[in-house]
**Q** 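Got a structure for you, questions after.
This chain uses plain numbering: 1 for the first residue, then up along the sequence.
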Amino acid sequence: MNETETKTTTKDLRGAGGEAVAKEAALTLFRKKGIGIRLFRVEDTTVIADYYVICTGRASSHILALADEVTYHMGECGVPHYRTEGRDGGEWLLVDFGDVLVHIFSRDAREYYNLERLLNPGGEIALGDLFEEELHKQEAGGQKDEV
């Protein structure tokens, strides 16, 4: 298997809706071992974004790696990155993709701020099927390498 076959396929998300962008961001965090990833539709709650993706990193270096990976991958997909806030503190990073805000917390900061309590539980978009499909793809790719 050559190098290009092992890489994740890059989607073209230019002009895609916010939900597609948010799901791709969540999937990117999942691939990078983000913890407790959740997606909320918040357009009825706030004017600053339509979707929040929330996850936890294991340590400050992991939090930074998650932010860097989601920024890089979304750029490869044609999604503009506007800014990242909180890089100095390492407890809560906010990565801004316009209609989609990605919140990456340390365990303590996520528990302390409890952002989910402010969000409508009815606005949560289930990600289980998306993550399960990704695991199946990874397993199928691993089996090809072993043959």
Side-chain angles (χ1 to χ4, degrees), residues 1-14 16-42 45-46 48-119 121 123-146:
M1 183 176 284
N2 68 37
E3 186 178 331
T4 57
E5 290 175 314
T6 61
K7 290 185 177 181
T8 304
T9 304
T10 301
K11 297 178 184 176
D12 184 356
L13 293 174
R14 287 177 286 217
E19 185 171 340
V21 170
K23 284 182 175 180
E24 188 65 23
L27 194 54
T28 302
L29 296 168
F30 178 78
R31 289 179 186 130
K32 197 72 171 172
K33 310 296 184 211
I35 301 166
I37 303 164
R38 296 176 74 184
L39 171 58
F40 290 88
R41 182 174 173 259
V42 296
T45 309
T46 180
I48 62 171
D50 293 341
Y51 295 90
Y52 283 179
V53 179
I54 303 170
C55 90
T56 301
R58 293 184 305 274
S60 59
S61 58
H62 186 226
I63 292 167
L64 291 169
L66 288 166
D68 289 346
E69 183 66 20
V70 76
T71 300
Y72 173 78
H73 180 72
M74 299 310 284
E76 290 289 302
C77 293
V79 177
H81 168 249
Y82 295 101
R83 70 182 162 276
T84 298
E85 298 289 336
R87 289 189 77 78
D88 295 335
E91 292 290 313
W92 178 2
L93 269 68
L94 176 71
V95 186
D96 183 354
F97 296 106
D99 291 341
V100 177
L101 295 179
V102 177
H103 300 266
I104 307 170
F105 289 97
S106 68
R107 289 183 200 273
D108 290 342
R110 186 164 181 179
E111 187 176 301
Y112 178 79
Y113 291 107
N114 195 9
L115 185 59
E116 288 98 333
R117 79 172 162 27
L118 302 173
L119 304 175
E124 185 165 10
I125 297 170
L127 296 170
D129 290 344
L130 182 69
F131 294 162
E132 191 171 317
E133 182 180 324
E134 178 63 19
L135 286 173
H136 287 298
K137 286 180 186 176
Q138 290 174 4
E139 289 170 0
Q143 290 171 354
K144 287 179 187 174
D145 289 343
E146 295 172 3

**Q** Using side-chain heavy atoms (C-beta onward) and a distance below 4.5 Å, is Ile35 in contact with Arg58?
**A** yes
**Q** List the atom of Leu66, the atom of Cys55, and the distance in Å for their closest heavy-atom pair.
**A**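 Between these two residues, the closest heavy atoms are CD1-SG, 4.1 Å.
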**Q** Would you name the heavy atoms of Asp68 and Arg87 that are closest together and state the gap between them?
**A**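 Where Asp68 meets Arg87 most closely, the heavy atoms are OD1-NH2, 3.0 Å.
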**Q** Could you name each residue pair satisfying salt bridge (Lys or Arg N to Asp or Glu O under 4.0 Å) that touches residues 99-108, not counting sequence neighbours?
**A**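 Counting only pairs at least two positions apart or across chains, no salt bridge (Lys or Arg N to Asp or Glu O under 4.0 Å) contact touches residues 99-108.
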**Q** With the side chain counted from C-beta on, respond yes when Val21 and Tyr51 share a heavy-atom pair under 4.5 Å apart, and no when they do not.
**A** no
**Q** Is a salt bridge present between Glu85 and Arg83, judged by a nitrogen-to-oxygen distance below 4.0 Å?
**A** yes
**Q** Does a side-chain heavy-atom distance below 4.5 Å link Ile54 with Arg110?
**A** yes
**Q** Say you draw a straight line from NZ of Lys32 to CD1 of Ile37; how long is it, rounded to the nearest 0.5 Å?
**A** 12.5 Å
**Q** Is it true that Glu134 and Lys23 make a salt bridge, defined as a side-chain N closer than 4.0 Å to a carboxylate O?
**A**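 Salt bridge flag = no for Lys23 with Glu134.
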**Q** Kindly give the heavy-atom pair with the smallest separation between Ala22 and Val53, and that separation in Å.
**A**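 Residues Ala22 and Val53, closest heavy atoms: O-CG2, 3.6 Å.
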**Q** Mind telling me whether Phe131 and Phe30 have parallel, tilted or perpendicular rings, with 30° and 60° as the class edges?
**A**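 Judged by the thresholds at 30° and 60°, the geometry between Phe30 and Phe131 is parallel.
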**Q** Answer whether the closest heavy-atom distance between the side chains of Leu115 and His103 falls below 4.5 Å.
**A** yes
**Q** For the residue pair Gly18 and Val100, what are the closest heavy atoms and their distance?
**A**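 Result for this residue pair: O-CG2, 3.5 Å.
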